[in-house]
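Some notes on the structure that comes next.
Both backbone and side-chain heavy atoms feed into the values below; hydrogens, waters and symmetry mates do not.
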Amino acid sequence: GQHAQTIKALWFIDINDKVCLRVQTKYRKNLNEVLRIIDKFEDKYKIKLELKDPYLTAFGWKKIIYPEKVLNNEKKKI
């Protein structure tokens, strides 16, 4: 059977559109500290992705496929 479990996670995507780090937010107690350190070195864009089968993508084996509106330069740098 299929599992219909939704997992909220932060994905850090490299310049080649592959996931280099994935953090599940509910298991990370020091998430704010981690994000503060990452903010010093990386650009941030807020993009919401919903994937039905993220296995290959989550481990960086497959490129991220962005929604159409993101591809049309609507990425918002935060």
Side-chain angles (χ1 to χ4, degrees):
Q2 293 182 341
H3 300 282
Q5 181 180 4
T6 300
I7 298 173
K8 291 187 178 187
L10 291 175
W11 289 17
F12 296 89
I13 302 168
D14 67 11
I15 197 159
N16 296 319
D17 292 334
K18 292 187 177 183
V19 175
C20 59
L21 176 65
R22 181 176 171 268
V23 179
Q24 290 186 22
T25 55
K26 74 177 188 178
Y27 297 118
R28 198 70 202 192
K29 301 296 180 199
N30 63 343
L31 183 61
N32 288 333
E33 182 180 341
V34 170
L35 291 176
R36 185 176 48 80
I37 293 168
I38 290 173
D39 281 346
K40 295 178 184 178
F41 303 102
E42 300 296 330
D43 293 333
K44 291 189 318 182
Y45 297 92
K46 187 173 183 177
I47 302 169
K48 183 176 181 178
L49 297 174
E50 293 184 18
L51 304 172
K52 293 187 191 276
D53 185 17
Y55 186 78
L56 295 175
T57 306
F59 291 103
W61 298 330
K62 182 179 172 186
K63 284 189 170 191
I64 297 290
I65 300 171
Y66 296 102
E68 278 298 316
K69 65 180 180 180
V70 173
L71 293 176
N72 294 330
N73 294 327
E74 290 187 19
K75 278 198 285 189
K76 293 181 180 176
K77 189 173 181 178
I78 57 173

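In this structure, CG on N32 lies 11.5 Å from CD1 on I37, to the nearest 0.5 angstrom. Atom OG1 in T57 sits 5.5 Å away from atom CH2 in W11 (nearest 0.5 Å). One finds the CD1 atom of I13 at 12.0 Å from the NZ atom of K63 (value rounded to the nearest 0.5 Å). In this structure, CG in D14 is found 9.5 Å from CD in E42, a value given to the nearest 0.5 Å.
By the 4.5 Å heavy-atom criterion applied to side chains, V23 and V34 are not counted as neighbours.
For K62 against K18, the heavy-atom pair with the smallest separation is O-CG, 4.2 Å.
When each of I38, L21, T25 is paired with L10, the side-chain contact (heavy atoms from CB on, under 4.5 Å) condition holds for T25 and for no other.
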